[in-house]
There are 2 protein chains.
Amino acid sequence: MSIQTRRERERAERERLIVTAAQELAEAEGWSAVTTRRLAAEIEYSQPVLYSHFKGKGAIMAAVAVQGCADLAAELRPARTGAEPDGRRAALAAVASTYTDFARRRPATYDAIFTNAVDLPFATPEAPAPLRDAFGEILAAVEPVAAADDPALLTETFWAALHGLVTLTRGGRLPAEAHDHRLAMLVERFAPGD
Amino acid sequence: MSIQTRRERERAERERLIVTAAQELAEAEGWSAVTTRRLAAEIEYSQPVLYSHFKGKGAIMAAVAVQGCADLAAELRPARTGAEPDGRRAALAAVASTYTDFARRRPATYDAIFTNAVDLPFATPEAPAPLRDAFGEILAAVEPVAAADDPALLTETFWAALHGLVTLTRGGRLPAEAHDHRLAMLVERFAPGD
DNA sequence: ACCGGAATGCTAGCACCGCTAGCTTCCCTG
DNA sequence: CAGGGAAGCTAGCGGTGCTAGCATTCCGGT
């Protein structure tokens with residue numbers, strides 16, 4: 001039994017190693033640099049080992065996405081709770097800028113979560129917990145300013161606006177220097193007055 | 001001189017053929033199906049011919065993007081002008097739903113414009129004319145509701161929100177059935193009252 | 001009218017991709 | 001201490017974007 005558990009532990013450790021190596025490599029050189037050969041070399045195993053842990057490259061990206069989502073939620077929570085004493089609008093603004101800052105600092109992880117990996121259940125109860133957590137943080141910031149609107153739908157709308165700003169800015173469609181200004185406008189629209 | 005011009009005309013025609021073939025193939029089977037071999041077969045030439053017209057696959061996608069942008073602008077204009085008699089909010093709503101509808105009907109073209117192709121100048125004076133036209137249509141709808149805010153920046157923000165809704169919905173991150181509801185909420189935030 | 005040269009488009013191939021079949025090697029179990 | 005199963009390797013398949021180098025074809029000058 002002990003030997004078995006040790007093996008399982010080592011296996012789980014190696015799986016973590018794969019995911020973090022993929023995440024770091026993607027962050028450093030972009031997802032196009034994350035090839036199965038390169039990743040295998042990075043973890044000092046051969047390619048087929050990857051496929052004994054994950055069904056394919058997509059599954060590895062999905063794993064990075066789930067882990068990254070947990071990180072995102074972990075950043076959003078203190079930002080929101082820390083700003084709540086300053087009012088609903090301040091909390092919303094804090095969540096918004098933390099969100100876009102995460103996307104700016106970790107673009108590859110952000111893409112894994114929100115742009116590339118498709119084989120993850122999202123808007124369903126079967127969605128991975130970290131994913132629902134991250135959404136829950138935005139929801140908690142939007143709910144107080146929802147007024148008569150459905151909070152969940154309004155959260156999705158606000159989140160989509162943040163996502164659009166992130167992707168268009170990073171893709172060069174929007175000049176980055178006015179980002180804060182746009183963010184302020186958006187928050188003003190969703191939490192007017194104070 | 002006449003022979004020369006005929007050759008140039010034929011060459012231009014073939015270039016158009018490549019772009020429309022790429023666009024149709026992408027729309028029918030997704031960009032992953034648009035390989036240089038497949039595209040070459042489609043236009044009944046060999047692969048290297050593609051490279052005598054475009055620097056690479058990315059340049060072909062960029063050409064599809066520019067053409068698609070012209071189409072988008074051509075759809076936005078009548079939608080906006082047709083709804084303007086019904087008020088600023090109606091015009092904004094018309095532009096918004098026309099925009100997202102375009103993205104839904106032509107996802108591959110939309111991706112070429114706003115997600116994939118990166119080697120196009122966007123927020124600069126050197127941006128291709130169709131691109132500036134499409135932005136100008138959204139601007140014309142947003143400007144009347146800008147109040148004290150910078151119209152251009154507010155347009156970018158509204159556009160980003162539309163873009164976020166489009167990409168998250170299509171990527172399965174948002175359930176499609178509530179799309180109209182979210183759109184209505186967004187328009188309400190940017191053009192409150194009437 | 002014809003021949004030389006340029007341009008045009010082809011075949012074949014490079015280096016790389018994701019992924020897998022099948023063999024070897026090693027370690028745990030009885 | 002032998003046998004069996006798991007674990008990880010090498011090698012390879014079909015595909016990708018892209019390019020070198022060779023035919024062929026057609027135009028322009030004498």
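All values reported here derive from a predicted model rather than from experimental measurement. Quick note: numbers below take in every heavy atom, side chains included, and nothing from hydrogens, waters or symmetry partners. Proteins get letters first, then strands, A, B, ... in listed order; numbering begins at 1 in each.
- Distance CZ (B:Arg38) to P (D:dG17): 12 Å, rounded to an integer number of Å.
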Name the pairs: protein N/O against N/O of nucleotides 6-8 of chain D, kept only if under 3.5 Å.
| residue | atom | partner | partner atom | Å |
| --- | --- | --- | --- | --- |
| D:dG8 | OP1 | A:Arg14 | NH1 | 2.7 |
| D:dG8 | OP2 | A:Arg14 | NH1 | 3.3 |
| D:dG8 | OP2 | A:Arg14 | NH2 | 3.1 |

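- Following chains of ILVMFWY side-chain contacts shorter than 4.5 Å, one can reach B:Val64 starting from B:Leu39, so the two form part of one hydrophobic cluster.
- The neighbour count for A:Arg11 CZ, taken as heavy atoms of other residues, nucleotides or ligands under 6.0 Å away, is above 12.
- Between the CD1 atom of B:Ile18 and the C1' atom of D:dG17 there is a distance of 15 Å, given to the nearest Å.
- Ion pairing between B:Glu84 and B:Arg80 holds under the 4.0 Å rule for side-chain N and carboxylate O.
- What separates OH of B:Tyr51 from P of D:dA20 is a distance of 12 Å, to the nearest Å.
- Below the 3.5 angstrom threshold, one finds no donor paired with an acceptor across the side chain of A:Gln47 and the base of D:dC9.
- Put simply, CG on A:Leu39 is 14 Å from C1' on C:dC19, counting in whole angstrom units.
- By the 4.0 Å N-to-carboxylate-O rule, A:Arg189 lies close enough to B:Asp149 to be salt-bridged with it.
- One atom, CE of B:Met61, and another, C1' of D:dC18, lie 17 Å apart when rounded to the nearest Å.
- In this entry the distance linking CG of B:Leu50 with C1' of D:dG17 reads 11 Å, nearest Å.
- At distances below 3.5 Å, at least one donor-acceptor pair connects side-chain atoms of A:Arg132 with backbone N or O atoms of A:Ala127.
- In this structure, B:Phe114 and B:Tyr99 have tilted ring planes: the angle between them lies in the 30° to 60° band.
- Counting heavy atoms from C-beta outward, B:Val187 and B:Arg89 have side chains that approach closer than 4.5 Å.
- C:dC17 atom P lies 9 Å from atom NZ of A:Lys57, rounded to whole Å.
- A donor and an acceptor atom, one from each side chain of B:Thr98 and B:Glu75, are nowhere located under 3.5 Å apart.
- A:Glu27 places a side-chain N or O within 3.5 Å of a backbone atom of A:Ala108 that can act as its donor or acceptor partner.
- What separates CZ of A:Phe54 from C1' of C:dG18 is a distance of 16 Å, to the nearest Å.
- Taking a 4.0 Å limit (strictly below) on heavy-atom distances, residues 25-37 of chain B reaches DNA chain D at B:Val34, B:Thr35, B:Thr36, B:Arg37.
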